[in-house]
2 protein chains.
Amino acid sequence: MRLKKLGFEKVFSETLSEEVGVTSSQVRKDFSIFGITGNKKGGYQVDPLLVQMDQILKKDQIHQVVLVGVGNIGSAILKYRAFEEEGIRIVACFDIDPSKVNPNKKVPVYKIDELESFVKEKKIRIGIVAVPDVVAQQVCHKMIQAGINGILNFAPIKLKGGDDTVIESVNITRKLENVIYFVNNIS
Amino acid sequence: MRLKKLGFEKVFSETLSEEVGVTSSQVRKDFSIFGITGNKKGGYQVDPLLVQMDQILKKDQIHQVVLVGVGNIGSAILKYRAFEEEGIRIVACFDIDPSKVNPNKKVPVYKIDELESFVKEKKIRIGIVAVPDVVAQQVCHKMIQAGINGILNFAPIKLKGGDDTVIESVNITRKLENVIYFVNNIS
DNA sequence: TAGATTGTTAATCGATTAACAATC
DNA sequence: TAGATTGTTAATCGATTAACAATC
C-alpha cells in the first residue's frame, strides 16, 4: 500500500488509523484479533504486516466469482479494475437475454440456465447479482441451489437466503437518499 | 409500492416489517419519529402512508445531482433507472478526459473545470464521485468548494470533508471481500 | 367486552472508544 | 531510566429489540 511505497519500515497504530479513518484503538484491536503483533515501542513492521494482511484476506489466492446480469451495472463491475489486485476474478457471466450471450469473450457470457452446472463443476461459492429487482430473488435462489453461499447483491431489495449464506447488498439509491436526506434536514 | 398495487387499504407494522426485512418495533419506532400514526387496531392506512413517506423522503421534489467521472461506474450510474422514480436527476456530468466531454448529450458532459461555476449557478448540493481513487479526494475538495455538501463516493478510499458535509461511500470491493471472508471462514 | 395492534419506554446487544498496565 | 506504544480490559455509545400499557 501507500506506506510501503513511501519507504516506511515500521508504522504506528496511530498513523495507520489516520490513514484509514478509524481510531487507533480499532486498529490495535483488529490486529490483536488476527494475531498480528507489534513492538511495544517500535510499532508494526510494514513488510510482515502486509504479508499477514494478505494472508488473512486471502489475497494470495484467486477467488472465483460469477456474475449474473450483464446490464449497466453488471458491465461496469465486469470492467472494474480494483478486483484484480484483491485476488478477485469474475470467471463467467450469465444473462437471460440471448443477445448478450457470448461464450467466446475473455469472460464468457452464458445463458442463465447454465449457471447451476457451471457453478457446480467449478465449485464456485461467490456470486454477484446485478439484475433488475423483480428477478433478483429468483436468481438468488438459483445461485444458492447451485452451491453458492456468498452473494453480493446490487438489486434494491432485501434478498432472502439460507442460514449458511451471506448476502451483502449494495443499495445505491438508498445511499444517495441518505445523502439527500441529510442535506435537506441537518445542514 | 407493492402493497398498494395488491389492493391493500391498510397494513400492520408486522406485515411491513416482513416485507422490508426488519422488526416490527423498528417500523413503529421510525413511523413514530416521523409523526406517522396508525390506528390502535387497524394498522396504518396505505394511501396516506405513502403520501407521508414521499414527503419525508422528499420524493415529490426533484433532486438535482452532478456526477463526476464518466468511466465504467459513472456511465452505469448515469443509465441507472431507479433514480428517476425516487426524484433523483443527474443534471450534468464532468470528466477530465476531453474525449468524453460532450455538452450536447441529454445529460451533458462538461470539463471538470466547469464544475464550480455550474454547481454555483444551479445551486446543486449533491454530487457523485465516480473517479479513480487517486483523484477522488481532489474532486471531493472541488465539490465542497463549489458548495456541495452531500457526496456519494464510489472510490475505494475514505474521503475527508468538512463538518457540514455528508459523505457516504460505496466500497464494492470491500463488500465483496466481506462476502469472501465469510464464505472462507464461517461457513 | 375481548382481542389485536399501536406507540413508547426499558432492556439488550454489539460495536466503538477510552483508558491504562505492561514493556520495549 | 524516561518516554512511547502496544495489547487488552472496562466504559461508552448508539442502534436494535423486547415488552407492555394504552386503546381502538
Side-chain angles (χ1 to χ4, degrees), chain A residues 3-4 6 8-53 55-57 158-160 163 166-169 171 174-175 177-179 181-182 185-186, chain B residues 3-4 6 8-53 55-57 158-160 163 166-169 171 174-175 177-179 181-182 185-186:
Chain A
L3 292 167
K4 171 98 185 264
L6 290 173
F8 283 86
E9 285 186 4
K10 52 192 187 181
V11 64
F12 307 124
S13 58
E14 186 65 29
T15 323
L16 277 172
S17 68
E18 280 170 22
E19 196 77 11
V20 191
V22 298
T23 62
S24 59
S25 292
Q26 194 71 263
V27 170
R28 293 202 298 279
K29 191 164 201 179
D30 285 354
F31 282 4
S32 171
I33 289 169
F34 289 118
I36 294 176
T37 59
N39 303 66
K40 287 285 176 195
K41 194 174 168 191
Y44 303 86
Q45 294 285 325
V46 171
D47 279 345
L49 178 59
L50 289 174
V51 172
Q52 286 183 83
M53 283 177 59
Q55 281 173 355
I56 289 161
L57 296 174
K158 176 102 178 175
L159 292 182
K160 290 183 191 105
D163 285 344
V166 231
I167 302 178
E168 283 265 3
S169 282
N171 192 328
R174 171 104 49 98
K175 285 262 183 184
E177 280 173 344
N178 286 349
V179 173
Y181 186 81
F182 174 93
N185 292 277
I186 288 78
Chain B
L3 292 166
K4 171 98 185 264
L6 290 172
F8 283 85
E9 286 184 1
K10 52 193 186 181
V11 65
F12 307 124
S13 58
E14 185 65 30
T15 323
L16 277 172
S17 68
E18 281 170 20
E19 196 77 11
V20 192
V22 298
T23 62
S24 58
S25 292
Q26 194 72 262
V27 170
R28 293 203 298 280
K29 190 162 200 179
D30 285 353
F31 281 5
S32 170
I33 289 169
F34 290 118
I36 295 176
T37 58
N39 302 66
K40 287 284 179 196
K41 194 175 169 190
Y44 302 86
Q45 295 285 325
V46 171
D47 279 346
L49 177 60
L50 289 174
V51 173
Q52 288 183 82
M53 283 177 57
Q55 282 174 355
I56 288 161
L57 295 175
K158 177 102 178 174
L159 293 182
K160 288 181 191 110
D163 285 344
V166 229
I167 302 177
E168 283 264 3
S169 282
N171 192 328
R174 171 102 50 97
K175 285 262 184 186
E177 281 174 343
N178 285 349
V179 173
Y181 186 81
F182 175 93
N185 292 277
I186 289 77

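From a predicted model like this one, the values you see are computed outputs, not experimental measurements.
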- Message: In this structure, how many angstroms lie between the P atom of dG7(C) and the CZ atom of F34(B), rounded?
- Response: 15 Å

- Evaluate the side-chain proximity of L49(B) to F31(B): yes if any heavy-atom separation is below 4.5 Å, no if none is. yes

- Spacing of R28(B) atom CZ relative to dT6(C) atom P, expressed in whole Å: 6 Å

- Message: Could you tell me how far apart E14(B) (CD) and dT6(C) (P) are, to the nearest whole angstrom?
- Response: 9 Å

- Query: Reckon T37(A) touches a base, only the sugar-phosphate, or nothing at all at heavy-atom distances under 4.0 Å?
  - Reply: sugar-phosphate

- Query: Which of the following nucleotides, dA10(D), dT8(C), dC24(D), is nearest to the side chain of K29(B)?
  - Reply: dT8(C)

- Flag if over 12 foreign heavy atoms under 6.0 Å of NZ, K158(A): no

- What's the spacing between S24(A) OG and E18(A) CD if we round to 0.5 Å? 9.0 Å

- Message: Nearest to the S32(A) side chain among dG7(D), dT8(C), dT5(C), which nucleotide is it?
- Response: dG7(D)

- Query: Just checking S13(B): base, sugar-phosphate only, or nothing, at a heavy-atom cut-off of under 4.0 Å?
  - Reply: sugar-phosphate

- How many Å lie between CD on Q45(B) and P on dC24(D), as a whole number? 15 Å

- May I have the distance from L49(A) (atom CG) to dG7(D) (atom P), rounded to whole angstrom? 11 Å

- Partner of dC20(C) by Watson-Crick or G-U wobble geometry, both contacts under 3.5 Å, or none? dG7(D)

- Message: Tell me whether the side-chain N or O atoms of K40(A) pair up with the base of dT5(D) as donor and acceptor below 3.5 Å, since no angle test is needed here.
- Response: no

- Query: Under 4.5 Å between any side-chain heavy atoms of R28(A) and Y44(A), yes or no?
  - Reply: yes

- Message: From NZ of K41(B) over to P of dA21(D), roughly how many Å is that when rounded to an integer?
- Response: 20 Å

- I56(B) and side chain to side chain contact (heavy atoms under 4.5 Å, CB included): which partner among I33(B), V51(B), I36(B)? I36(B)

- Task: Let me know the distance between CG of D30(B) and C1' of dT16(D), rounded to the nearest Å.
- Result: 11 Å

- Task: Would you tell me if any nitrogen or oxygen in the side chain of T23(A) comes within less than 4.0 Å of OP1 or OP2 on dT16(C)?
- Result: no

- OP1 or OP2 of dC24(D) less than 4.0 angstrom from a side-chain nitrogen or oxygen of Y44(B), does that happen here? no

- Query: Which base, if any, makes a Watson-Crick or G-U wobble pair with dC13(C), both distances under 3.5 Å?
  - Reply: dG14(D)

- What is the distance from NZ of K10(A) to P of dC24(C), rounded to the nearest Å? 15 Å

- What nucleic acid atoms does F31(B) come within less than 4.0 Å of, heavy atoms only: base, sugar-phosphate, or nothing? nothing

- Query: Given that Q26(A) and S25(B) both sit by DNA chain C, which one's nearest nucleotide is further toward the 5' end?
  - Reply: S25(B)

